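The next block holds one structure in the form of structure tokens; read it before the comments.
All values reported here derive from a predicted model rather than from experimental measurement. Every chain is numbered from 1 and lettered A, B, ... according to where its sequence line falls, protein lines coming before strand lines.
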Protein chains: 2
Amino acid sequence: MTERREAVLAAVLALLVEKGAAALTMTAVARSASCSKETLYKWFGDRDGLLTETVRWQASKVRAGAYDRQHLDAGALRESLEGFAANWLSVISSETSVALNRVAIGQAETLGGIVLANGRFAIGERLKGLLLDARNARLVAFDDAEEAFRTFFGLVGRDIQIRLLLGDRFTIDGAAIADDARRAVQQFLALYGATKTPAQAG
Amino acid sequence: MTERREAVLAAVLALLVEKGAAALTMTAVARSASCSKETLYKWFGDRDGLLTETVRWQASKVRAGAYDRQHLDAGALRESLEGFAANWLSVISSETSVALNRVAIGQAETLGGIVLANGRFAIGERLKGLLLDARNARLVAFDDAEEAFRTFFGLVGRDIQIRLLLGDRFTIDGAAIADDARRAVQQFLALYGATKTPAQAG
DNA sequence: ACCGAACCGTAACGTACGGTACGGTCATAT
DNA sequence: ATATGACCGTACCGTACGTTACGGTTCGGT
């Protein structure tokens, strides 16, 4: 991935965020990236290839949220879960993510799988690892890690992503994300925590 | 709303579900509905009007899930919540809803608001009514009905809608919906129920 | 100095689609 | 019987966009 290539993809992303998918014409990309259309086609094949490359590139930047596998006690678990939750919330509420998910949904056949693999399923695998470790440490109890993760996913994301995708003006700043993450983890541990925590939440 | 009009909107919906938004050309609609393009433009103004009308029409069909306000005890509450949950799950997992949400997301400026108003916010208002009644009856405890509803929303929907929107092949039959609804309500009541229910779930 | 590759800017091409126009048909009303 | 109007099918128009082609420029290698 050369630097010039990344500049082009960054231009695609910027256009997507600012003007929406409809305005993302090859001409607009070429002008915005100060490159010729011929170069775009030589590098990316066609419009679909350019979009695919952009989605992949952005997805590769989102990777984050590994947790510390050492000494997993209740506090470390909570902290790791909150880290996952806050990171995930900041991703899905970012303008970039919203714009990219919009185009991926518009071309679910070709792009949806990429976004799913790098988003929902990537975080699922990482989080399930944490959950299984936590279960081994008798910190949580569940039968099915996948189901436990899906509940966590729901408690964290709630209605945020669909509202943003559907155009609801909706700003959520860092403090709100931190609060949301804490609440979601609190609720998750109330449901799955092996140590009895008060069921009251919200 | 005349019958012929509905037939046209039904054709739009069918095209949307079968072929996707990209194949939804005015010519295709006219052919599929066995009407002329001129009629389409006379009736609906332009393509956007046709889409808007279709979204509105479908939204008007989704209204459901009023609950029985009489004698709200723990059993009736659980039953009503499960009814909401199952209804909501069946809606968002239907091919029609997926297709319609896809186009609405693709045109979030014009269509997203309609879908939000008739989906997320409509069910929110109805469910908050139930939750407030339940709180009056000392069946649940929360400070903010909106927040409680959003948690319910997350526990019910989890990752289903985003996965379907992004093209994940994902069938969920009536039995699975019923199971999911029961689990979600169980978890919700574990978090918000005033009567102490076992926090164990999943 | 010169070559070739890569690239830029722009023009051009083909096509597909939104929107309009028009002739023909059928039903209803007078 | 005839007129009116709604509607169908199709042809047509203008435009926008994906894609290709081409002339000019820059730049590293020899």
Pairs flagged by side-chain hydrogen bond (donor to acceptor under 3.5 Å, both in side chains) wherever residues 99-110 of chain A is involved - sequence neighbours left out:
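Listed by first then second residue: A:Ser97-A:Asn101, A:Gln107-A:Thr110, A:Glu109-B:Arg169.
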Between [X] (side chain only) and [Y] (backbone N and O only), is there a donor and an acceptor less than 3.5 Å apart?
X: B:Arg183; Y: B:Leu155; result: yes
X: B:Arg56; Y: B:Ile114; result: no
X: A:Thr52; Y: A:Asp48; result: yes
X: B:Arg47; Y: B:Met26; result: no

How does protein contact run along nucleotides 7-13 of chain C, one letter per nucleotide 5' to 3', with B for base contact, S for sugar-phosphate only, - for none, heavy atoms under 4.0 Å?
SBB-B--
In this structure, how many angstroms lie between the [atom2] atom of [N] and the [atom1] atom of [X], rounded?
X: A:Met26; N: D:dT20; atom1: CE; atom2: P; result: 10 Å
X: B:Arg47; N: C:dT20; atom1: CZ; atom2: P; result: 15 Å
X: A:Tyr41; N: D:dC22; atom1: OH; atom2: P; result: 17 Å

Is the shortest side-chain N to carboxylate O distance from A:Arg150 to A:Glu147 below 4.0 Å?
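Here A:Arg150 pairs with A:Glu147 in a salt bridge, since their nearest N and O are under 4.0 Å apart.
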Between A:Gly45 and A:Thr25, name the one whose nearest nucleotide on DNA chain D is closer to the 5' end.
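The 5'-side residue here is A:Thr25.
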